[in-house]
Amino acid sequence: MSFPLLTVTAVLPAIGAVATAAVPAARRTAAKWLALVVSLATLVLAGVVLVRFDPGGARYQLTESHTWIKDFGVRYELGVDGIAVALIALTTLLIPFVILAGWHDADPLETGSRRWRPTQGFFALILAVEAMVIISFEATDLFLFYIFFEAMLIPMYFLIGGFGDHAHEHGEEAASTQRSYAAVKFLLYNLVGGLIMLAAVIGLYVVAGNFSLTEIAQARANGSLHMATSTERWLFLGFFFAFAVKAPLWPLHTWLPNAMGEATAPVAVLITAVVDKVGTFAMLRFCLQLFPEASKWATPVILVLALISIIYGALLAVGQRDIKRLVAYASISHFGFIIMGIFAMTSQGQSGATLYMVNHGLSTAALMLVAGFLISRRGSRLIADYGGVQKVAPVLAGTFLIGGLATLSLPGLAPFVSEFLVLVGTFTRYPAIGIIATFGIVLAALYTLVLYQRTMTGPVKPEVSAMPDLRVRELVVVAPLIVLLIFLGVYPKPVTDIVNPAVKQTMSDVHKTDPKPEVEAAK
């Protein structure tokens, strides 16, 4: 039997989470270093997965399959395609930066505080989330996927509610109340979505007789599994609803601004750059592959919802006075682009959407982590409490600007390529949707540049006059992200070469080909 590389990649951070939680309370620093070393080792394993994956080979590679619950046809099945490999690489890359950025976020609070936060628990929960996200990307058994799709909510709930942001304008008591509200809202929204998906998973099992993604998809392709049109549509809606909540797609998005606003900056990155990608990934892997006709049936409505997400999220970002909530609404707009690219049903749109998942993770991480460093210095999330920061902390301001420019998809930075592909891919099949979506780019420029202007330029406010610039640890966090944003902006080929074959197979699943350009013949 070959080495179970995918299992080890997912299990290592899970073991690290248990080991980190078991470190004695008096050795907080040891727990931090253990978590960091485990995350780096997981990154190395993800690198091995990346090297061993052959983009021109079989659709699912490095596969593992073992009987789990025999009586119900549940198997422990893992396998990765190009899209999963790219997102596993993104996840394992970001987790060490999340740990470094949150190095002091769970240190004991000041004497006299009503709460004491176990440092070991904070870093153990981050590793637990990483393990569950990785196995969600790897799982090709629907029941196995569902378990970890739901299980990741538990550590995320405690990270939001137990280790939230303390920079609240109305004091600690109000901050505690808001954290609890955000954590419960996050949990309830995603639990409801997951329960509806569970009903759809059971329904699919009744129809297909097993939970194996590859077997069901193959049976559908060769005609041995027939599914009534109404049945397929209801099952599709059950899956899509859960993924749309996780993504998040308007109008199921309202939990995200609360969760990101009340979480610490590293946990906010974990939410939007890592966990939420499971939703958009699952739309590609499960919705389109298992329910191709229902996916095409629902496409017009989903494209309209994605378009609303793009414009609505950007408009609300323009009006925000809270830095972190602004980034949250910007992410809603970006997820609208991703979902629009997926359901445009073109190779450019789906390649752009997959690339967008990776690039959005990098750009949001860069912007949100620098914003977190800024907020920790001033103790406020309000934009109005800043001004003139670039004069006292030029490196902080410069990295904040690059992160912001990446968010608005400036040419030369990574998100531009993916957003361009999404718009081109959408326009070729749905020109009206593509044209309206471009207004999201204009609004992105508005909220990003206004944010920078109000916080970094102008007269230096007394409260920020003594603000220190980025420290070495913070530079180690931000610099690699900036380098990657520039590199992938100039040369995205390493990612597109991996994801494009998987995108072509997805297009084949839904029996779609790219529209031929209507070019008038030369006279």
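Here the side chain of Thr231 pairs no donor or acceptor atom with the backbone of Met227 at under 3.5 angstrom. Under a 3.5 Å cut-off, the side chain of Ser136 and the backbone N or O of Met132 do form a donor-acceptor pair. Counting only distance, with no hydrogens or angles, the side chain of Arg429 and the backbone of Ala344 share a donor-acceptor pair below 3.5 Å. Side-chain atoms of Thr272 never come within 3.5 Å of backbone atoms of Ala268 as a donor-acceptor pair (strictly under, hydrogens ignored). Between the side chain of Arg285 and the backbone N or O of Phe137 there is at least one donor-acceptor pair closer than 3.5 Å. Without hydrogens or angle criteria, Lys324 side chain to Ala263 main chain gives a donor-acceptor distance under 3.5 Å. Side-chain atoms of Glu262 do not come within 3.5 Å of backbone N or O of Ala182 as any donor-acceptor pair. A donor-acceptor pair is defined here as one N or O able to donate and one able to accept, closer than 3.5 Å; no such pair exists between the side chain of Asp81 and the backbone of Arg59. For Trp255 (side chain) and Val184 (main-chain N/O), no donor-acceptor pair under 3.5 Å exists by modelled atom type. At least one donor-acceptor pair under 3.5 Å links the side chain of Thr346 to the backbone N or O of Gly349.
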Check your understanding: After noting the C-alpha distance and the side-chain angles of Tyr76 and Thr7, does the key distance pass the side chain to side chain donor-acceptor pair (under 3.5 Å) rule?
Key -> CA-CA 10 Å; Tyr76 177 80; Thr7 293; 2.7 Å; yes
**Study point:** Stepwise side chain to side chain contact (heavy atoms under 4.5 Å, CB included) test for Thr92 and Ile134
**Key:** CA-CA 8 Å; Thr92 55; Ile134 290 173; 3.8 Å; yes
Exercise for review: Apply the test side chain to side chain contact (heavy atoms under 4.5 Å, CB included) to residues Leu237 and Ile196: give CA-CA distance (whole Å), side-chain angles for both, the deciding distance (0.1 Å), then the verdict.
Suggested key: CA-CA 9 Å; Leu237 290 174; Ile196 292 174; over 6 Å; no
**Study point:** CA sep, side-chain torsions, deciding dist, call: Met340, Val422, side chain to side chain contact (heavy atoms under 4.5 Å, CB included)
**Key:** CA-CA 7 Å; Met340 186 176 74; Val422 166; 3.6 Å; yes
Exercise for review: Determine, stepwise, if the pair Val49 / Leu62 fulfils side chain to side chain contact (heavy atoms under 4.5 Å, CB included).
Suggested key: CA-CA 8 Å; Val49 171; Leu62 307 174; 3.8 Å; yes
Review point. Taking it one step at a time, do Phe335 and His360 satisfy ring-ring contact (aromatic ring centres under 6.0 Å, His included)?
Key: CA-CA 9 Å; Phe335 274 104; His360 172 263; 5.1 Å; yes
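Proximity of the aromatic rings of Phe343 and Phe240 is defined here by a centroid distance below 6.0 angstrom, and this criterion is met.
Using a 4.5 Å heavy-atom cutoff, the side chains of Leu288 and Gln350 are in contact. Contact check for Gln61 versus Arg52: no side-chain heavy atoms found under the 4.5 Å cut-off. At least one side-chain heavy atom of Phe145 sits under 4.5 Å from a side-chain heavy atom of Met197. Side-chain contact between Pro96 and Leu36 is present, with heavy atoms from C-beta onward closer than 4.5 Å. Looking at Val267 and Met156, their side chains come closer than 4.5 Å, going by heavy atoms from C-beta outward. Using a 4.5 Å heavy-atom cutoff, the side chains of Val269 and Thr364 are not in contact. Taking 4.5 Å as the limit, every side-chain heavy atom of Pro415 sits out of range of all side-chain heavy atoms of Thr407. Considering only heavy atoms from C-beta on, Phe427 stays 4.5 Å or farther from Thr438 through its side chain.
Under the 30°/60° scheme for interplanar angles, the aromatic rings of Phe281 and Phe286 are found to stand perpendicular. Under the 30°/60° scheme for interplanar angles, the aromatic rings of Tyr491 and Phe487 are found to stand perpendicular. A tilted orientation is assigned to the rings of Phe291 and Phe239, their planes being inclined by 30° to 60°.
Both tests pass for Lys246 against the ring of Phe149: distance under 6.0 Å to the centre and angle within 45° of the axis.
Counted by atom type alone, Ser212 and Glu77 present one or more donor-acceptor pairs between their side chains at under 3.5 Å. A donor-acceptor pair shorter than 3.5 Å cannot be found between the side chains of Thr280 and Tyr356. Checking Tyr312 against Ser333 by side-chain atom types alone, no donor-acceptor pair falls below 3.5 Å.
Closest heavy-atom contact between Phe122 and Gly102: CE2-O, 3.7 Å. Across every non-hydrogen atom of Gly82 and Val499, the tightest pair is O-CG1, 3.9 Å. Minimum interatomic distance between Gly193 and Ala242 (heavy atoms only, all atoms of both residues): O-CB, 3.1 Å. The minimum heavy-atom distance between Met152 and Val275, with the atom names listed, is SD-CG1, 3.8 Å. Pro492 and Val417 make their closest contact through CG-CG1, 3.8 Å (heavy atoms, listed as atom of the first residue, atom of the second, distance). Nearest approach of Tyr189 to Leu252, heavy atoms of both residues: CD2-O, 4.0 Å.
Considering CG of Asn500 and OG of Ser351, their distance stands at 4.0 Å, rounded to 0.5 Å. Note that CE of Met357 and CG of Leu355 are 10.0 Å apart. Values are rounded to the nearest 0.5 Å. The distance from the CG atom of Leu87 to the OG1 atom of Thr354 is 7.5 Å, given to the nearest 0.5 Å. The line from CG of Leu100 to CG of Leu369 is 10.0 Å long, rounded to the nearest 0.5 Å. Within the model, atoms CD1 of Ile342 and CD1 of Ile302 stand 9.5 Å from one another, a figure rounded to the nearest 0.5 Å. The distance from the NZ atom of Lys277 to the CD1 atom of Ile88 is 15.0 Å, given to the nearest 0.5 Å.
Within a 6.0 Å radius of OH in Tyr205, more than 12 heavy atoms belonging to other residues, nucleotides or ligands are found. Crowding of Phe420 atom CZ: a count of heavy atoms from other residues, nucleotides or ligands under 6.0 Å not exceeding 12. Counted within 6.0 Å of CZ on Phe143, heavy atoms from surrounding residues, nucleotides or ligands total 12 or fewer; the atom is thus considered open. Counting non-hydrogen atoms of neighbouring residues, nucleotides and ligands closer than 6.0 angstrom, the CH2 atom of Trp234 reaches no more than 12 such neighbours.
Each of Asp141, Thr140, Asn210 was checked for a side-chain contact (heavy atoms from CB on, under 4.5 Å) with Arg75, and the lone residue meeting it is Asp141.
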